[in-house]
Amino acid sequence: MSNCCSSEHQVNSEHNSVCSSCNKKAKSVKLITLKSMLVPSALETLNAEENYFFCSTKDCDVVYFNTNDKKYLTSDIKEVVHQKDDSLSTPICYCFGWTKENIKYYLENELSPNPLAHIRENIQEKRCGCEVNNPQGSCCLGNVTKYIKELS
């Protein structure tokens with residue numbers, strides 16, 4: 001698998017759009033992300049010719065939408081979306097299984113591996129698959145770093 005967290009494989013975020021449900025900017029997401037995240041009944045309605053966007057707004061039930069405003073809701077997704085769920089068992093790093101709960105536990109107890117170091121090491125070894133494992137379709141490091149800062 002390619003190194004999904006390298007800058008050459010990031011989704012081009014210049015092509016932003018606005019979610020019609022919450023009126024917030026959303027980021028472009030690759031089709032492969034939707035193919036891996038949608039439940040079968042939702043996948044059957046996917047139009048591969050459209051451009052899709054990821055809505056990260058917490059209080060918005062829309063996860064993905066396309067340029068024709070076809071929406072996919074949290075109920076259409078196989079994974080719980082970190083940005084939309086406060087549960088401690090929700091993953092932040094979908095590739096390596098780091099949840100809010102275990103990140104907090106490892107940091108508070110100064111256990112090894114350090115969550116950020118562990119994720120970075122795996123990224124360096126080209127083991128991440130964020131485009132198919134993470135509902136946002138991109139690297140989790142920003143989310144993990146933000147969560148760790150919130151714990152401080």
Side-chain angles (χ1 to χ4, degrees), residues 1-105 107 115-116 118-120 122-123 126-152:
M1 183 167 285
S2 66
N3 184 355
C4 62
C5 291
S6 71
S7 59
E8 66 189 61
H9 294 301
Q10 293 294 326
V11 175
N12 185 350
S13 60
E14 292 176 19
H15 301 292
N16 288 343
S17 191
V18 174
C19 175
S20 65
S21 293
C22 66
N23 294 316
K24 303 284 184 183
K25 270 193 171 184
K27 290 192 175 182
S28 181
V29 67
K30 294 179 183 179
L31 188 61
I32 189 68
T33 303
L34 279 85
K35 288 179 179 181
S36 65
M37 287 292 138
L38 294 177
V39 297
S41 59
L43 184 58
E44 291 176 1
T45 68
L46 185 72
N47 180 347
E49 303 301 316
E50 292 286 337
N51 291 316
Y52 286 89
F53 303 89
F54 173 77
C55 177
S56 63
T57 305
K58 179 176 177 32
D59 297 328
C60 184
D61 198 35
V62 173
V63 178
Y64 304 115
F65 62 94
N66 69 19
T67 49
N68 285 321
D69 207 30
K70 167 66 177 157
K71 297 173 186 166
Y72 295 102
L73 308 178
T74 54
S75 59
D76 297 319
I77 310 303
K78 294 176 188 175
E79 289 282 347
V80 177
V81 180
H82 147 71
Q83 291 88 339
K84 298 179 182 283
D85 188 286
D86 285 331
S87 170
L88 290 177
S89 62
T90 299
I92 296 180
C93 174
Y94 292 83
C95 295
F96 306 109
W98 287 103
T99 64
K100 297 170 188 178
E101 183 175 44
N102 60 18
I103 288 172
K104 183 177 180 181
Y105 181 78
L107 293 175
L116 276 176
H118 180 253
I119 296 166
R120 285 185 180 124
N122 281 291
I123 290 169
K126 300 180 181 180
R127 296 179 185 130
C128 66
C130 300
E131 67 274 2
V132 295
N133 294 320
N134 188 339
Q136 75 184 25
S138 60
C139 188
C140 69
L141 277 178
N143 299 334
V144 174
T145 302
K146 180 181 176 185
Y147 179 68
I148 289 172
K149 285 180 182 177
E150 290 171 3
L151 293 175
S152 303

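Quick note: numbers below take in every heavy atom, side chains included, and nothing from hydrogens, waters or symmetry partners. Predicted model only: the values in this text are computed from it and were never measured.
Between Cys93 and Pro115 the shortest side-chain heavy-atom distance does not fall below 4.5 Å. Counting heavy atoms from C-beta on, the side chains of Ile77 and Val39 never come closer than 4.5 Å. Using a 4.5 Å heavy-atom threshold, the side chains of Cys55 and Lys84 count as touching. Residues Phe54 and Val63 have side chains in contact (heavy-atom distance under 4.5 Å, counting atoms from C-beta outward). Taking the side chain as every heavy atom from C-beta outward, Cys60 and Lys24 never approach each other to under 4.5 Å.
The distance from atom OG1 of Thr45 to atom CG of Asp76, rounded to the nearest 0.5 Å, is 7.0 Å. Here NZ of Lys104 is found 6.5 Å from CG of Leu88. Values are rounded to the nearest 0.5 Å. If you take OG1 on Thr57 and NZ on Lys25, they are separated by 12.5 Å, rounding to the nearest 0.5 Å. Between the NZ atom of Lys78 and the OG atom of Ser36 there is a distance of 7.0 Å, given to the nearest 0.5 Å.
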Would you check, one step at a time, whether the test side chain to side chain contact (heavy atoms under 4.5 Å, CB included) holds for Ile92 with Thr99? CA-CA 5 Å; Ile92 296 180; Thr99 64; over 6 Å; no
Could you walk me through whether Lys71 and Asp69 pass side chain to side chain contact (heavy atoms under 4.5 Å, CB included), step by step? CA-CA 6 Å; Lys71 297 173 186 166; Asp69 207 30; 3.4 Å; yes
As a quick check of understanding, evaluate side chain to side chain donor-acceptor pair (under 3.5 Å) for Ser138 and Gln136, giving each step before the final call. CA-CA 6 Å; Ser138 60; Gln136 75 184 25; 3.2 Å; yes
Show your reasoning for whether side chain to side chain contact (heavy atoms under 4.5 Å, CB included) applies to Lys70 and Asn47. CA-CA 9 Å; Lys70 167 66 177 157; Asn47 180 347; over 6 Å; no
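Closest approach of Gln83 to Ser56, counting heavy atoms only: CB-O, 3.5 Å. The two atoms that bring Tyr147 and Lys100 nearest to each other are OH-O, 3.2 Å, heavy atoms only. Contact detail for His82 and Tyr94: the closest heavy-atom pair is N-OH, 2.8 Å.
Side-chain atoms of Ser17 never come within 3.5 Å of backbone atoms of Ala26 as a donor-acceptor pair (strictly under, hydrogens ignored). Distance alone, capped at 3.5 Å, places no donor-acceptor pair between the Asp61 side chain and the Ser21 backbone. Using a distance-only test at 3.5 Å, with no hydrogens or angles considered, no donor-acceptor pair links the side chain of Tyr72 to the main chain of Leu43. Checked by atom type and distance alone, the side chain of Asn122 never pairs as donor or acceptor with a backbone atom of Ile119 at under 3.5 Å.
With sequence neighbours excluded, the residues forming a side-chain contact (heavy atoms from CB on, under 4.5 Å) with Leu31 are Lys35, Leu46, Ala48, Tyr52, listed by chain and number. With sequence neighbours left out, Ile148 forms a side-chain contact (heavy atoms from CB on, under 4.5 Å) with Ile103, Leu107, Leu116, Val144.
Screening Asn134, Ile123, Thr145, Asn133 for a side chain to side chain contact (heavy atoms under 4.5 Å, CB included) involving Cys140 leaves a single residue, Asn134.
Glu50 and Thr67 share a side-chain donor-acceptor pair at under 3.5 Å.
Note on ring orientation: taking the six-membered ring where Trp is involved, the planes of Phe96 and His118 are perpendicular (angle over 60°, cut-offs 30° and 60°).
Heavy-atom neighbours of Glu49 CD from other residues, nucleotides or ligands within 6.0 Å: at or below the threshold of 12.
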